[in-house]
Amino acid sequence: MAKRLLLLILLRPLFLAILLLAVTVTESEAYSTTTPFQRHKPEKHTHLHFYFHDVISGDKPTAIRVTKPTVTNSSAVSSFGVVVIADNLLTEGPDRTSKEVGRGQGMYASTDMNALTFTMVFNLVFTEGEFNGSTVAMYGRNSVMLEVREMPIIGGTGAFRFARGYAQAKNYKLDGLDAVVEYNVFILH
Ligand SMILES: *[C@@H]1O[C@H](CO)[C@@H](O)[C@H](O)[C@H]1NC(C)=O
Ligand SMILES: *[C@@H]1O[C@H](CO)[C@@H](O)[C@H](O)[C@H]1NC(C)=O
């Protein structure tokens with residue numbers, strides 16, 4: 001009996017230590033967890049078609065130039081170094097008063113010394129229909145002298161989680177510095 005008691009007393013700290021360890025392990029938050037990825041539903045392909053209104057002039061611009069490069073070259077065709085921040089309207093039809101389907105929020109920067117070419121960094125934020133509240137991230141090179149420019153879709157949120165794809169942009173109308181650009185976006189999600 002005394003022997004048993006002694007054993008219990010001796011082992012008690014061990015039990016406590018094990019208990020403490022168990023509590024510590026369950027309470028610590030896992031920094032990373034990796035599991036095999038299995039899609040439950042087949043992947044979908046969505047084609048979106050809309051018009052992007054880049055309005056720089058007038059009293060209600062949605063795209064504003066935020067940089068004035070210190071080194072300028074008046075004979076250069078590119079406005080190298082210029083950065084424009086935009087919250088542009090996306091509409092169903094080419095007219096600005098046509099139904100709004102979302103916003104193009106982001107920036108474009110002139111990053112080619114010899115041609116009018118922009119690096120585009122945009123979130124396309126949809127506000128209409130089944131994609132209301134979902135976004136896709138578009139990032140790419142926009143050489144505006146080309147008739148059709150292609151830019152990658154590198155991700156998305158909401159209905160567009162795990163998105164990848166591409167966007168094709170084509171000028172619909174140019175009016176001074178303002179542009180209406182037709183977009184066809186193809187997304188796997
Ligand atoms: C200015 O731009 C022109 C046309 O792109 C180019 O030929 C010239 O070398 C440039 N000058 C300087 C100082 O960068
Ligand atoms: C889009 O979703 C927002 C937030 O849930 C809602 O307020 C808005 O009415 C929706 N728009 C359309 C066109 O369904």
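No donor-acceptor pair under 3.5 Å is formed between the side chain of Ser134 and the backbone N or O of Gly158. The closest donor-acceptor contact from the side chain of Arg103 to the backbone of Asp87 lies under 3.5 Å. Without hydrogens or angle criteria, Thr67 side chain to Gly81 main chain gives a donor-acceptor distance under 3.5 Å. Checked by atom type and distance alone, the side chain of Ser110 never pairs as donor or acceptor with a backbone atom of Phe118 at under 3.5 Å. Side chain of Asn123 to main chain of Ala137: no donor-acceptor pair is present (N/O by atom type, distance under 3.5 Å, no hydrogens or angles).
The aromatic rings of Phe160 and His189 lie perpendicular to each other, with more than 60° between the two planes, well past the 30° mark.
Thr62 and His53 are not linked by any side-chain donor-acceptor pair at a separation below 3.5 angstrom, with hydrogens and angles left out of the test. Between the side chains of His49 and Glu92, no donor N or O sits under 3.5 Å from an acceptor N or O.
The side-chain heavy atoms of Val136 and Ile187, taken from C-beta on, include a pair separated by under 4.5 Å. Counting heavy atoms from C-beta outward, Met151 and Asn142 have side chains that approach closer than 4.5 Å. Proximity of Phe50 to Asn184: side-chain heavy atoms (C-beta onward) are nowhere separated by under 4.5 Å. Contact check for Tyr139 versus Ile153: no side-chain heavy atoms found under the 4.5 Å cut-off.
Taken from OG1 in Thr91 to CD in Glu100, the straight-line distance is 8.5 Å, to the nearest 0.5 Å. Rounding to the nearest 0.5 Å gives a distance of 11.5 Å between CZ of Arg141 and CZ of Arg149. Atom-to-atom distance recorded for Tyr108:OH and Thr119:OG1 is 13.0 Å, nearest 0.5 angstrom. Here CG of Asp112 is found 4.5 Å from OG1 of Thr117. Values are rounded to the nearest 0.5 Å. Atoms CG and CZ, from Leu188 and Arg164 in turn, are 5.0 Å apart once rounded to the nearest 0.5 Å. The distance from the OH atom of Tyr51 to the CG atom of Leu89 is 13.5 Å, given to the nearest 0.5 Å.
In the hydrophobic clustering of this structure, Ile85 groups with Val121; members are Ile, Leu, Val, Met, Phe, Trp, Tyr whose side-chain heavy atoms approach within less than 4.5 Å, directly or through other members. Hydrophobic clustering, with ILVMFWY side chains joined whenever heavy atoms are under 4.5 angstrom apart, groups Val144 together with Leu177. Cluster annotation: Ile64 and Val181 are assigned to distinct hydrophobic clusters (Ile/Leu/Val/Met/Phe/Trp/Tyr, side-chain heavy-atom contacts under 4.5 Å, transitive). Hydrophobic clustering, with ILVMFWY side chains joined whenever heavy atoms are under 4.5 angstrom apart, keeps Val55 apart from Val180. Hydrophobic cluster membership is shared by Leu48 and Leu124, with clusters built from Ile, Leu, Val, Met, Phe, Trp and Tyr side chains linked at under 4.5 angstrom.
Shown here for Ala109 and Val83, the closest heavy-atom pair between the two residues is CB-CG2, 4.0 Å. The minimum heavy-atom distance linking Ala86 with Asp54 is given by the pair CB-OD1, 4.4 Å. Of all heavy-atom pairs between Gly93 and Ser98, the closest is N-OG, 2.6 Å. Minimum interatomic distance between Ala159 and Phe131 (heavy atoms only, all atoms of both residues): CB-CD2, 3.7 Å. For the residue pair Leu174 and Ala179, the shortest heavy atom distance occurs at CD2-CB, 3.6 Å. Of all heavy-atom pairs between Ser79 and Leu116, the closest is OG-CD1, 3.8 Å.
The six-membered or imidazole ring of Tyr183 lies away from that of Phe122, with a centre-to-centre distance of 6.0 Å or more.
When the shell of 6.0 Å around CZ of Phe37 is examined, it contains more than 12 heavy atoms from other residues, nucleotides or ligands. Within a 6.0 Å sphere centred on CD of Glu43, other residues, nucleotides and ligands contribute more than 12 heavy atoms. Heavy atoms of other residues, nucleotides or ligands lying less than 6.0 angstrom from OH of Tyr172 number 12 at most.
For Glu128, there are no side chain to side chain donor-acceptor pair (under 3.5 Å) partners at least two apart in sequence or on another chain. In terms of the salt bridge (Lys or Arg N to Asp or Glu O under 4.0 Å) criterion, Arg96 has no residue partners (sequence neighbours excluded).
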Quick one, Ile56 with Arg65, criterion side chain to side chain contact (heavy atoms under 4.5 Å, CB included). Give me CA distance, side-chain angles, the key distance, then yes/no.
CA-CA 8 Å; Ile56 291 180; Arg65 181 174 160 165; over 6 Å; no
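One finds no salt bridge joining Glu150 and Lys170 here, because no Lys/Arg side-chain nitrogen approaches an Asp/Glu carboxylate oxygen to under 4.0 Å.
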